[in-house]
Amino acid sequence: MSRGVLRVYLGAAPGVGKTVAMLSEAIRRRERGTDVVIGVCESHGRPYTAGLMEGMERVPLRSVSYRDSTIAELDVPAILARRPEVVLIDELAHTNAPGSDHLKRWQDVEDLLVAGIDVISTVNIQHLESLNDVVEAITGVRQQETVPDEVVRSADQIELVDMSPQALRRRLAHGNVYAAEQVDAALANYFREGNLSALRELSLLWLADRVEEGLDRYRADHQITELWPTRERVVVALTGGVEGRTLLRRGAQIASRAGGELLAVYVTPPDGLVDAKLEGLADLRQLTAELGGTFHTVKGEDVATALLEFARGVSARQVVIGASRRRRWQEVLSTGVGQRVVEGSGDIDVHLVTHELTRTVRAPLRFGPALGPRRTAMGWGLAVVGTAALAGILRATPGWHDLPLEVLLFLLLTVLTALVGGLWPALAAAVLGSLAINWFFTEPVNTLTISDPQNLVALLVFVLVAAAVSSVVHVSERRAAAASAAQREAGALAASAESLLGERDQLSALLRQAVEFFAVDGAAVVRRDSVRDPWTLVSGTDGFDVAGIPTASVRASVDDAHTLVLVGRVLSGADRRLVSAFASRSAALLHRDELVQQAREARALAKDNRARTALLAAVSHDLRTPLASIKAASSSLRQPDVTFSDADRADLLETIEESTDRLTVLVANLLDMSRLQSGSVVPRMSAVDVDGAVSVAAAPLLDGDRVRISIDGDLPPAAADAGLLDRVLANVLENALKHSAAEVVVHAAATGSRLQIRVVDRGRGVPEGAKDAIFAPFQRYGDAPRGTGVGLGLAVARGLMEAMGGSIAAEDTPGGGLTIVIELARDAGSAAQSTRRTPEPPRRSTEAPRLSPDRMAP
């Protein structure tokens, strides 16, 4: 049995027409004779969508009981039994009701595909798992229902249903997407034009990447190696030098004109040893990111070959390289990288960009000493003294050796010199050895002439072999030294990274590591905006004196304004290279701290904006409604031509009183929340009797007689603010009474060093995932009617509990309902110090009413 075909209609937002496109495709297939059925598809009250569904066969949905409700879900067994050719399944990311065979609808779709049934489905870009965080950052809404990208990516056909933001907003305003009462809120929030534009671009880019993956697979399957002109890509070859900034900007200009992609490439040898300065590479990496490109590091024996292989691997059609800095005689001896790239480019365009360093700086010769001054001096000494000593020993032992052995001994001395002092001392030893052999041991002796041509050839071969061996030994020593330094650097950086993971102040920890690693007296990161400004300390080790910066041993630039300073001993060149690595890491930590601070400020602003939006939305209704009631009742009472009975007059006065109470509640809630957010609530802690506090809190409630109090007899007093605890208990009790027809039980008991007050109701409860949300400001759980509060009561209760050092949380009541658990510290004093308050009899409060409940029935 062959696997079914999955076709997915992808949209940027609800309302773009995915379901209509799916139904239209189903109608076309049905007209061609295909057996098409609807597995699950909702019109959401849209007449046009409902019209398309008329006349199409629908597989009945199965009913799933969950708590006190019945949920209709896709019936996979029924579809398998019906075995249509094509089935329509809307909303691929849907989460099935508890008790279903699968958690997600896309898993049901997989069962149908395995059974050989073709599936047509829909999904929005915000439901893709990899884009969940991105969509939340754009819209401020986190999608709870997601589908793995691999599921959509593996679809046989993906079709984008596109619509401009302006057209979608017009559809929304005309009532073609949501009900009329939801349109204004949707246009002002999720369906803002900026949000829709960002989501549209996100869907286009995601689909473009999927199309490119399919194109790459096709080329690989058909062994197509030549480039196809799809998306323009510009590859910039970097050496790690300062000229890379010029090349990157030029490459970015080329890419922007073509609407393409910028890729920066740095080629390293196969052994992974990096010749460029680490801080230079870090700067180029950062500049690449700022220009909108990506930075890549590849390994290769030959730079030109590795560069071209990378370009062809990413289907790039343009390569940017810098003009050569090699000397003319070097160009005569070997072909440069640029020339080899041009020769091997084929159908790739190569841009050879000149830069300032082309005329002013030449590529350095790499024959300089790399073994340190001490070993170099020892090498020169061995070349001079060793040659003289060997010549003297051979002169003192005539008859024990002949010319071939003498040549080999001097060659051995040359190799030893190369091992000790490097290339130049070894070459000197080779020349001195050849002169000594010629003078002392080649006939005629004591002259620089050679009578036997074979001796001349032997002497020339000796010089060539000595030079070759010396250069090989020298290069080997350089590479070994570089590898050792790289290993040391890698070990230091790895140890640094590992130790920084658990540090709260990572920059200070990094500076302490620098002091230990380099054995210096102190380290710091300092800031100066200009040369005329004084240094300011950003972070430093203990005792670091900013005034001592001018005499610092080492300074490494962190960024344009910050500098890493090490005070103490003078460091070697190898250590200075590692200092640059510490500077780069300091820059990353500073940048991270800056991003963290910006994120913290952004979250605070977003929180304030959400609070402001929710406040305005709540106040706009909850303020107008009681005011309108007061206005209507008072106007009625003031009409001279209307005579009211005593009962009617009492009802109108009661309406005025209740509306006034609601206004008082609203203002009190807002003031309390403002005090909590500003941190101005200062509790006055004392010993409070829990039994009395619960009785006092329940007394003013209208349904206070439904509160049953169960307190342990030996319960010690609690450490709390009596007034704040009264408000907390009143809020929680009123909330429980609002949503429970049965009595509410308050039980208090001691648990170790804490006192626990449990308010138990038998209402409909709250799902597990929403328990914490009911304590958030301006949140009301469930489909609550407007006018029942702005959603601050439990938020204020939690804030007051935290101010008193306690906690409040929600749990399920065994058998159904919700239990609010309040925990307080036990008072350390005696029970005699407790504040016992005599409960008042239940009455209708004439004071400010309690806070309105927040938890609404689902």
Side-chain angles (χ1 to χ4, degrees), residues 179-185 187-188 611-676 696-707 723 726-727 729-739 741 777-780 782-797 840-857:
E181 61 271 13
Q182 298 176 302
V183 171
D184 291 339
L187 288 172
R612 188 178 298 108
T613 302
L615 173 62
L616 292 176
V619 170
S620 63
H621 183 280
D622 292 295
L623 189 61
R624 286 199 304 263
T625 301
L627 285 176
S629 300
I630 294 173
K631 176 67 175 178
S634 59
S635 299
S636 299
L637 291 174
R638 286 174 53 85
Q639 291 183 4
D641 54 343
V642 178
T643 302
F644 294 98
S645 64
D646 293 341
D648 292 337
R649 183 180 297 275
D651 288 340
L652 291 174
L653 291 174
E654 184 178 2
T655 299
I656 294 175
E657 184 179 8
E658 290 179 351
S659 299
T660 305
D661 289 345
R662 288 179 58 188
L663 286 176
T664 306
V665 166
L666 177 62
V667 174
N669 287 347
L670 295 176
L671 290 177
D672 284 336
M673 201 67 222
S674 175
R675 291 172 60 212
L676 287 170
V696 170
L701 300 177
L702 294 178
D703 296 328
D705 54 344
R706 288 199 291 120
V707 177
D726 176 69
R727 293 185 65 83
L729 292 171
N731 292 344
V732 174
L733 287 171
E734 186 173 2
N735 190 65
L737 292 169
K738 178 70 176 179
H739 303 289
F778 307 106
Q779 298 293 320
R780 294 180 300 173
D783 300 325
R786 302 302 302 267
T788 56
V790 297
L792 283 176
L794 292 182
V796 170
E840 303 175 6
R843 69 181 189 280
R844 178 174 182 83
S845 174
T846 58
E847 302 174 354
R850 306 289 183 186
L851 302 180
S852 60
D854 301 286
R855 180 173 59 87
M856 303 301 161

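All heavy atoms count here, side chains included; hydrogens, waters and symmetry mates do not.
A697 and A730 get closest at one heavy-atom pair: CB-N, 3.9 Å. Here the closest heavy-atom approach between residue I656 and residue T660 is recorded as O-OG1, 2.7 Å.
Judged by distance alone, the side chain of N731 and the main-chain N or O of R727 form a donor-acceptor pair under 3.5 Å.
Residues that satisfy the side-chain hydrogen bond (donor to acceptor under 3.5 Å, both in side chains) test with D648, not counting sequence neighbours, are S645.
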Donor-acceptor list for residues 630-639 side chains, cut-off 3.5 Å, not counting sequence neighbours:
| unit_1 | atom_1 | unit_2 | atom_2 | d |
| --- | --- | --- | --- | --- |
| S634 | OG | I630 | O | 2.7 |
| S634 | OG | K631 | O | 3.1 |
| S635 | OG | K631 | O | 2.7 |
| S636 | OG | A632 | O | 2.8 |

